[in-house]
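This report concerns only the one structure given below.
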Amino acid sequence: MTLFFTITLGASIIGLLAMLLIKSREMRTGRRIFARLRPAESGVLHSVVYFFEKTLPITIKYLVFRASEGLGALVKRTFARGILLFEYALEHMLVFIRDLTRPPHRGGPASPFLQEVADHKRELMKGSKEDRAIFEE
(Lines give C-alpha, C1' and ligand atoms only; values in the text may rest on other atoms or scores of the structure.)
Protein backbone atom coordinates (compact mmCIF):
# COMPACT_ATOMS: atom_id res chain seq x y z
CA MET A 1 0.00 0.00 0.00
CA THR A 2 2.85 2.34 0.83
CA LEU A 3 4.44 1.61 -2.54
CA PHE A 4 1.19 2.51 -4.31
CA PHE A 5 0.94 5.86 -2.53
CA THR A 6 4.62 6.61 -3.10
CA ILE A 7 4.29 5.94 -6.83
CA THR A 8 1.10 8.03 -6.98
CA LEU A 9 2.83 10.91 -5.19
CA GLY A 10 5.82 10.69 -7.55
CA ALA A 11 3.57 10.70 -10.63
CA SER A 12 1.65 13.68 -9.25
CA ILE A 13 4.85 15.63 -8.60
CA ILE A 14 6.17 14.91 -12.12
CA GLY A 15 2.82 15.88 -13.64
CA LEU A 16 2.65 19.15 -11.70
CA LEU A 17 6.23 20.06 -12.60
CA ALA A 18 5.54 19.34 -16.28
CA MET A 19 2.38 21.44 -16.16
CA LEU A 20 4.23 24.35 -14.49
CA LEU A 21 7.00 24.22 -17.07
CA ILE A 22 4.51 24.19 -19.96
CA LYS A 23 2.48 27.06 -18.44
CA SER A 24 5.59 29.17 -17.80
CA ARG A 25 6.69 28.67 -21.41
CA GLU A 26 3.21 29.59 -22.66
CA MET A 27 3.29 32.73 -20.51
CA ARG A 28 6.72 33.77 -21.83
CA THR A 29 5.99 33.11 -25.50
CA GLY A 30 2.27 33.89 -25.62
CA ARG A 31 1.60 30.73 -27.65
CA ARG A 32 -0.50 27.84 -26.46
CA ILE A 33 1.32 24.53 -26.65
CA PHE A 34 -0.66 21.58 -28.03
CA ALA A 35 -3.71 23.78 -28.57
CA ARG A 36 -5.32 21.34 -31.01
CA LEU A 37 -4.67 18.32 -28.80
CA ARG A 38 -6.20 19.78 -25.63
CA PRO A 39 -9.84 18.73 -26.26
CA ALA A 40 -8.81 15.14 -26.99
CA GLU A 41 -6.42 15.16 -24.06
CA SER A 42 -9.23 16.40 -21.83
CA GLY A 43 -11.42 13.45 -22.86
CA VAL A 44 -8.61 10.96 -22.22
CA LEU A 45 -7.78 12.47 -18.84
CA HIS A 46 -11.48 12.51 -17.94
CA SER A 47 -11.67 8.77 -18.75
CA VAL A 48 -8.57 8.05 -16.66
CA VAL A 49 -9.85 10.06 -13.69
CA TYR A 50 -13.30 8.45 -13.98
CA PHE A 51 -11.66 5.01 -14.00
CA PHE A 52 -9.67 5.74 -10.83
CA GLU A 53 -12.54 7.53 -9.05
CA LYS A 54 -15.49 5.30 -9.94
CA THR A 55 -14.67 2.07 -11.76
CA LEU A 56 -11.62 0.92 -9.78
CA PRO A 57 -13.15 1.38 -6.28
CA ILE A 58 -16.36 -0.42 -7.32
CA THR A 59 -14.31 -3.26 -8.81
CA ILE A 60 -12.18 -3.52 -5.68
CA LYS A 61 -15.29 -3.56 -3.45
CA TYR A 62 -16.80 -6.31 -5.58
CA LEU A 63 -13.61 -8.38 -5.48
CA VAL A 64 -13.28 -7.95 -1.71
CA PHE A 65 -16.93 -8.95 -1.25
CA ARG A 66 -16.47 -12.06 -3.42
CA ALA A 67 -13.26 -12.93 -1.60
CA SER A 68 -14.98 -12.58 1.79
CA GLU A 69 -17.82 -14.84 0.59
CA GLY A 70 -15.30 -17.40 -0.62
CA LEU A 71 -13.37 -17.19 2.61
CA GLY A 72 -16.58 -17.63 4.63
CA ALA A 73 -17.49 -20.71 2.60
CA LEU A 74 -13.97 -22.07 3.07
CA VAL A 75 -14.17 -21.56 6.84
CA LYS A 76 -17.57 -23.29 6.99
CA ARG A 77 -16.32 -26.22 4.90
CA THR A 78 -13.18 -26.56 6.99
CA PHE A 79 -15.19 -26.45 10.22
CA ALA A 80 -17.65 -29.08 8.89
CA ARG A 81 -14.79 -31.34 7.81
CA GLY A 82 -13.17 -30.92 11.22
CA ILE A 83 -16.39 -31.97 12.94
CA LEU A 84 -16.71 -34.99 10.64
CA LEU A 85 -13.10 -35.96 11.31
CA PHE A 86 -13.69 -35.63 15.06
CA GLU A 87 -16.86 -37.75 14.80
CA TYR A 88 -14.97 -40.36 12.75
CA ALA A 89 -12.20 -40.50 15.36
CA LEU A 90 -14.72 -40.86 18.21
CA GLU A 91 -16.55 -43.64 16.39
CA HIS A 92 -13.34 -45.58 15.82
CA MET A 93 -12.31 -45.02 19.42
CA LEU A 94 -15.65 -46.41 20.62
CA VAL A 95 -15.31 -49.46 18.37
CA PHE A 96 -11.78 -50.01 19.71
CA ILE A 97 -12.97 -49.70 23.34
CA ARG A 98 -15.90 -52.05 22.66
CA ASP A 99 -13.53 -54.63 21.23
CA LEU A 100 -11.25 -54.28 24.27
CA THR A 101 -14.06 -54.62 26.81
CA ARG A 102 -15.89 -57.54 25.17
CA PRO A 103 -16.10 -60.38 27.69
CA PRO A 104 -14.24 -63.53 26.80
CA HIS A 105 -16.42 -66.34 25.46
CA ARG A 106 -15.09 -69.83 26.01
CA GLY A 107 -17.65 -71.64 23.92
CA GLY A 108 -18.13 -74.48 26.43
CA PRO A 109 -21.27 -75.42 28.38
CA ALA A 110 -22.61 -73.04 31.01
CA SER A 111 -21.93 -73.71 34.66
CA PRO A 112 -24.54 -75.72 36.63
CA PHE A 113 -25.56 -72.56 38.52
CA LEU A 114 -26.26 -70.65 35.31
CA GLN A 115 -28.16 -73.63 33.89
CA GLU A 116 -30.29 -73.72 37.03
CA VAL A 117 -31.00 -69.96 36.76
CA ALA A 118 -31.99 -70.38 33.09
CA ASP A 119 -34.32 -73.26 33.91
CA HIS A 120 -35.95 -71.24 36.71
CA LYS A 121 -36.42 -68.29 34.36
CA ARG A 122 -38.06 -70.52 31.74
CA GLU A 123 -40.48 -71.85 34.39
CA LEU A 124 -41.39 -68.33 35.45
CA MET A 125 -42.00 -67.24 31.87
CA LYS A 126 -44.47 -70.08 31.30
CA GLY A 127 -46.95 -68.66 33.82
CA SER A 128 -49.38 -65.78 33.30
CA LYS A 129 -48.29 -62.15 33.41
CA GLU A 130 -49.87 -61.59 36.80
CA ASP A 131 -47.94 -64.52 38.28
CA ARG A 132 -44.68 -63.14 36.89
CA ALA A 133 -45.17 -59.67 38.34
CA ILE A 134 -43.45 -58.98 41.63
CA PHE A 135 -45.22 -56.51 43.92
CA GLU A 136 -44.06 -55.40 47.28
CA GLU A 137 -46.96 -54.77 49.59
Side-chain angles (χ1 to χ4, degrees):
M1 197 64 144
T2 305
L3 181 65
F4 171 76
F5 287 127
T6 304
I7 291 172
T8 305
L9 178 64
S12 297
I13 290 171
I14 290 172
L16 285 173
L17 287 176
M19 190 175 69
L20 287 174
L21 288 173
I22 291 171
K23 278 298 181 185
S24 69
R25 184 165 178 194
E26 284 180 354
M27 296 288 280
R28 274 187 278 125
T29 62
R31 278 187 67 214
R32 289 177 61 191
I33 299 175
F34 305 121
R36 281 186 268 156
L37 295 177
R38 286 191 179 180
E41 179 188 1
S42 173
V44 170
L45 289 177
H46 173 72
S47 298
V48 169
V49 168
Y50 184 82
F51 175 77
F52 281 105
E53 280 186 352
K54 303 286 184 189
T55 308
L56 191 63
I58 289 172
T59 304
I60 290 173
K61 274 185 194 176
Y62 175 75
L63 291 175
V64 167
F65 176 73
R66 295 290 294 174
S68 67
E69 280 184 340
L71 185 63
L74 179 68
V75 167
K76 286 178 186 175
R77 244 190 337 263
T78 304
F79 190 68
R81 287 181 190 261
I83 289 173
L84 286 175
L85 182 65
F86 184 67
E87 181 182 4
Y88 178 78
L90 284 177
E91 184 178 345
H92 281 280
M93 190 182 307
L94 287 172
V95 168
F96 178 72
I97 290 172
R98 185 181 64 208
D99 290 343
L100 284 179
T101 57
R102 191 169 282 159
H105 185 62
R106 297 184 191 157
S111 69
F113 173 74
L114 289 178
Q115 287 177 358
E116 184 181 335
V117 169
D119 291 338
H120 183 67
K121 184 177 177 183
R122 272 192 289 272
E123 288 296 322
L124 287 175
M125 294 303 281
K126 284 181 184 175
S128 66
K129 253 187 175 177
E130 288 82 20
D131 292 343
R132 284 187 266 160
I134 299 173
F135 298 107
E136 290 186 24
E137 294 180 18

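Note that this is a predicted model, so its numbers are computed, not measured.
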Hey, can you pull the donor-acceptor pairs under 3.5 Å for the side chains in residues 16-26, sequence neighbours left out?
| residue | atom | partner | partner atom | Å |
| --- | --- | --- | --- | --- |
| Lys23 | NZ | Glu26 | OE1 | 3.4 |
| Ser24 | OG | Leu20 | O | 3.3 |
| Ser24 | OG | Leu21 | O | 2.9 |
| Glu26 | OE1 | Arg38 | NH2 | 3.4 |
| Glu26 | OE2 | Ile33 | N | 3.0 |
| Glu26 | OE2 | Arg38 | NH2 | 2.2 |

Pair up each side-chain donor or acceptor in residues 83-100 with any protein partner under 3.5 Å, not counting sequence neighbours, and list the distances.
| residue | atom | partner | partner atom | Å |
| --- | --- | --- | --- | --- |
| Tyr88 | OH | His92 | NE2 | 3.1 |

Under 3.5 Å donor-acceptor pairs involving side-chain atoms of residues 44-52, not counting sequence neighbours:
| residue | atom | partner | partner atom | Å |
| --- | --- | --- | --- | --- |
| Ser47 | OG | Gly43 | O | 3.1 |

Does Asp119 have any side chain to side chain donor-acceptor pair (under 3.5 Å) partners at least two apart in sequence or in another chain, and if so, which? Arg122
Could you give the side-chain donor-acceptor pairs of residues 56-74 under 3.5 Å, partners two or more places apart or in another chain?
| residue | atom | partner | partner atom | Å |
| --- | --- | --- | --- | --- |
| Thr59 | OG1 | Thr55 | O | 2.8 |
| Arg66 | NH1 | Glu69 | OE1 | 3.4 |
| Ser68 | OG | Val64 | O | 3.4 |
| Ser68 | OG | Phe65 | O | 2.7 |

Could you pull out all donor-acceptor pairs under 3.5 Å where a side-chain atom in residues 3-14 meets a protein atom, sequence neighbours excluded?
| residue | atom | partner | partner atom | Å |
| --- | --- | --- | --- | --- |
| Thr6 | OG1 | Thr2 | O | 2.7 |
| Thr8 | OG1 | Phe4 | O | 2.8 |
| Ser12 | OG | Thr8 | O | 2.9 |

